[in-house]
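These notes are about the structure you will find just below.
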Amino acid sequence: MSSSETLSVEEQLAAGQSDDGIVRAADGTPLKARLAKALRREKLRSFLMISPLLLFIVFSFLLPIGDMLFRSVENQIVQNTLPTVVEELERWDPASGELPDEETFAALAKDLKVAVEERIHTRLGSRLNYEESGFSGLFRTTGRAVKKMESGPYKAQFIEADKDWGELRTWVILDSFKAPYTSGYFLSAVDAENTAEGVQMKPENERIYLQLFMRTLWMSLAITFMCLLLGYPVAYLLAQLPARTSNLLMILVLLPFWTSLLVRTSAWKVLLQGQGVINDILVWIGIVDDASRLVLINNQLGTIIAMTHILLPFMILPLYSVMKTISPSYVRAAKSMGANDWTAFWKVYFPQSVPGIGAGAILVFILAIGYYITPALVGGTSGIFISNRIAFHISTSLNWGLAAALGAILLVLVLLLFYIYDKIVGIDNVKLG
Amino acid sequence: MKHKSLLLAAAASTALFSSTAIAQENLAEAPCEGCAEEMTLVSWGGAYQQSQLKAYVEPYVAATGVKVSFDESSAEATAKLRAMNEAGNVTWDVVDVVASDAIRLCDEGLAAELDPATDLAEAPDGTSAEDDFGNLRVNECFIPQIVYSTTIGYRTDMVGDNPPTEICDIFDTEAYPGKRALQKRPIDNLEWATYCNGTPKEEIYEVLSTDEGVQAAFDKLSTIKDDVVWWTAGAETPQLLADGEVVMGSTFNGRLFSAIVEQDQPIGMMWDMQSFDLDGWIIPAGLEESRMKRAKHFLKFATDTQRLADQAKYISYGPARKSSAPLVGKHEELGIDMAPHMPTDPANAGNVHNYDYTWWADNRDDLDAKFQAWLAQ
């Protein structure tokens, strides 16, 4: 409903009778309309004030993330590099068990010649090599050979150049990846693959991602729990002590927080390794035999210890700021009415600190789930996270499609957990101070 | 961000330049028409980048007065080059990468193709650059600088009178109890395992091309799986050896050289079945003309015979040109002969493993997935 319409109706009313019960501003317009107008202006102003930040976030954060996630399904490279072949393959039935006909090979020669000219044939080779070993080399050798192919019949010439063109498997792969969008990356990300018989799990010795997702989740939960266990008493102490002492303690909490992540992680290496400080002390005291030193690093234990230490401030700070606001008079009141120390704490103090636990737990868990430097350095093989594989696919294998699919799944998992958390604990119950 | 900018004034370092005076014409002084006056080089940092700086970047700057920034981002070069290429804003001019990365970059169209006849310098005796580099030029985009090797170092005080002499000793946990450090990737490890399964050297890749061969290699590695510390950065093994955390481990020969010779650690070197690898330059694709010219002008100078030999004064990696080998001299600071420390020295190169780049370019994605799954089991 537009306000000008309301206004005109009301104006008519106002012209008809002056005592209509509508409260008016000095200039005669109804106060309600004036108020709405003022509110609108206020909203517009605040929107304009946040718009630079909004634009910044949209362009530097949301759009790139969206673009990256889009790569997990995008697969136009086959169509762009071999357009005629893709057209020809429409006529071909992969289940027929026969190679495509001569016309398809002629189309391949035509498309490849253009691709070689533009130097993009090897790029397609690398792309398809993610699906099946050998495509990279196939396109490289064929790219060299196709320059010399002047006239048909092409089929024999291609098989001559590389016998893989005579393999049905090569064409089945090409055929199944000809569409501009693919579910292949997402299937790989959950250890599955598209086969002639439909979607199937990969062979046992190639499965890795589901296991890593599970491990990332349970280890992040373990780290969150450890942080809570260690952080709660510290935050409680900080909140109870007089300001002078608590400030000093606070610096001790924050000091490691200000130290470089790599330094802290490397320090844990020195402490935890077989010939490290902790083992040396234990051997010296005689608790541990020199021959059977504890394995504290390059496994899950190493990751949990180092990450708990690194993320501890993120638990302590929200806890502390919530505990600071809990008035001591409640506990005193409980005690005066006969509660013992434990009951007073558990029934009165603890429930009031739950919002701090919620905030700290979410913060630590979400940070932990995306960590990769620390697990890579102290996690060995059993203590690495899914993010280590994402980093690998981004920077080493250049398989950005798979990295995007893994990232998308991780994002969805976090949002899902966030939703569950909201249902169980309630997001209103989170307070940072 | 690690980003070192050395804005070296031309005059300031002329003194340095005189030390590398040579009979051959100086390519840095050759005219460079229409060339950009600034250039960004990218390398690995550390002692290696230092050797490049001393051997040819500083002399080049001294001769031309070009403003050079020397970035240390080679470790993430492939990903960054792709991102830059997609954004249409390539800020690097010459990038140092290993051969396998060069193959990937060239395949992806991210590196420019170079013509050895015009873009590279001839050897002093007139041998063409193409012949001088030989098959070390693994593709059209890559100009190799050094041959390095991944080889085994061991703690001399932990092996007694029986130091390891052959690669298969890494699988012998009875004679050499304790942990061993291996690189966290299938390359080299699968080859060594296959070799120690009794496969002749020439047939390693043939065997690894079959599923049974791969399985056999993993089975061999499984025998020491609990005894392996997996490393990702080259500095880790020397540190693990120095701390006594491992009894032996693989790493790059230059890292072992500095641990043994420069830092005097109780570490021994075992060259058997050392795996040769290459490091070299590429020029990113799609540079504007003036920058491309400058990059090529620099590369022609930096990869000539004398410059590659000079580099060996600072680090124990073998020059990639055949004609550079006789010119390798003494260590710049320690004054020891560098030739015996080169992986290519005949005494060290008795039994070497030639790592097959193209085979790995095809099989890396697949075997890496298998390797990671095997690690996770």
Side-chain angles (χ1 to χ4, degrees), chain A residues 67 118-127 129-141 143 188 191 202-209 211-212 215 266 269-270 273-276 291 295 297-298 376-377 379-382 384 388-389 391-400 402-403, chain B residues 75-83 86 100-101 103-110 112-113 139-140 177-179 184-185 209 211 214-215 218 225-226 228-230 232-233 236 239-240 242-246 285 358-377:
Chain A
D67 177 61
E118 293 171 13
R119 285 190 30 76
I120 53 173
H121 63 297
T122 44
R123 197 178 284 201
L124 177 61
S126 313
R127 159 68 186 97
N129 206 62
Y130 297 138
E131 311 302 335
E132 178 89 4
S133 282
F135 264 97
S136 197
L138 175 65
F139 276 85
R140 223 179 292 125
T141 44
S188 294
D191 295 329
K202 282 191 179 167
E204 200 86 38
N205 66 347
E206 287 173 38
R207 289 184 205 168
I208 170 166
Y209 298 116
Q211 187 190 354
L212 277 178
R215 181 195 292 166
S266 307
K269 272 190 126 159
V270 176
Q273 63 185 5
Q275 309 291 323
V295 186
I297 200 168
N298 294 328
L377 288 175
T381 57
S382 62
I384 61 161
N388 294 93
R389 294 312 292 164
F392 171 83
H393 285 304
I394 288 280
S395 61
T396 308
S397 78
L398 285 191
N399 191 351
W400 287 8
L402 181 55
Chain B
E76 54 281 0
T78 43
K80 282 201 174 171
L81 277 170
R82 185 196 256 189
E86 288 190 0
S100 54
D101 284 343
I103 291 179
R104 227 182 252 279
L105 288 167
C106 209
D107 278 356
E108 293 268 338
L110 298 172
E113 286 186 21
N139 62 21
E140 294 79 11
K179 299 259 181 194
K184 202 193 233 170
R185 62 172 196 174
S209 297
D211 286 343
V214 171
Q215 194 51 49
F218 279 124
K225 197 174 177 185
D226 293 337
V228 176
V229 177
W230 299 97
T232 43
E236 287 179 56
Q239 188 63 50
L240 289 166
D243 292 349
E245 280 290 301
V246 296
T358 39
W359 189 87
W360 273 110
D362 274 353
N363 294 285
R364 194 167 162 183
D365 295 318
D366 184 36
L367 284 182
D368 192 79
K370 289 195 175 126
F371 182 73
Q372 292 299 334
W374 173 79
L375 279 182
Q377 274 163 25

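Every chain is numbered from 1, with letters handed out A, B, ... down the list of sequences.
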Segment of Ser397(A) engaging chain B (4.5 angstrom heavy-atom cut-off):
both

Heavy-atom closest pair (Ile384(A) atom, Lys184(B) atom, distance to 0.1 Å) is CG2-NZ, 3.9 Å

Is it the side chain or the backbone of Ala83(B) that comes within 4.5 Å of chain A heavy atoms, both, or neither?
both

Quick one: does Lys269(A)'s side chain get under 4.5 Å of Glu236(B)'s, heavy atoms only?
yes

Rounded distance [0.5 Å steps], OG in Ser136(A) versus CH2 in Trp360(B)
13.5 Å

Ranking Ala77(B), Ala285(B), Ala376(B), Gly244(B) by heavy-atom pairs under 4.5 Å to chain A gives rank one to Ala376(B)

Check whether Glu113(B) gets within reach of chain A through its side chain, its backbone, both or neither, counting any heavy atom under 4.5 Å.
side chain

Look only at the side chain of Glu206(A) and the backbone of Ala373(B), and say whether a donor-acceptor pair between them is shorter than 3.5 Å.
no

Has the side chain of Asn129(A) got a donor or acceptor atom that lies under 3.5 Å from a matching backbone atom of Asp362(B)?
yes

Arg140(A), Gln211(A), Arg207(A): which one forms the most heavy-atom pairs within less than 4.5 Å of chain B?
Arg140(A)

With a 4.0 Å cut-off, would you call Arg127(A) and Asp107(B) a salt bridge?
no

Has the side chain of Arg119(A) got a donor or acceptor atom that lies under 3.5 Å from a matching backbone atom of Cys106(B)?
yes

Per-residue tally against chain B (heavy atom, under 4.5 Å) across Asn298(A), Thr396(A), Asn205(A) peaks at Asn205(A)

Examine distances only and state if a side-chain atom of Ser395(A) and a backbone atom of Thr78(B) form a donor-acceptor pair shorter than 3.5 Å.
no

CG on Leu124(A) to CD on Glu108(B), rounded to 0.5 Å
10.5 Å

So which of Phe135(A), Phe392(A), Phe139(A) has the largest heavy-atom pair count under 4.5 angstrom toward chain B?
Phe392(A)

Interatomic spacing from OG in Ser133(A) to NZ in Lys370(B) - rounded to 0.5 Å:
7.0 Å

What's the spacing between Arg82(B) CZ and Leu398(A) CG if we round to 0.5 Å?
5.0 Å

Interface moiety of Ile103(B) toward chain A, non-hydrogen atoms closer than 4.5 Å
side chain

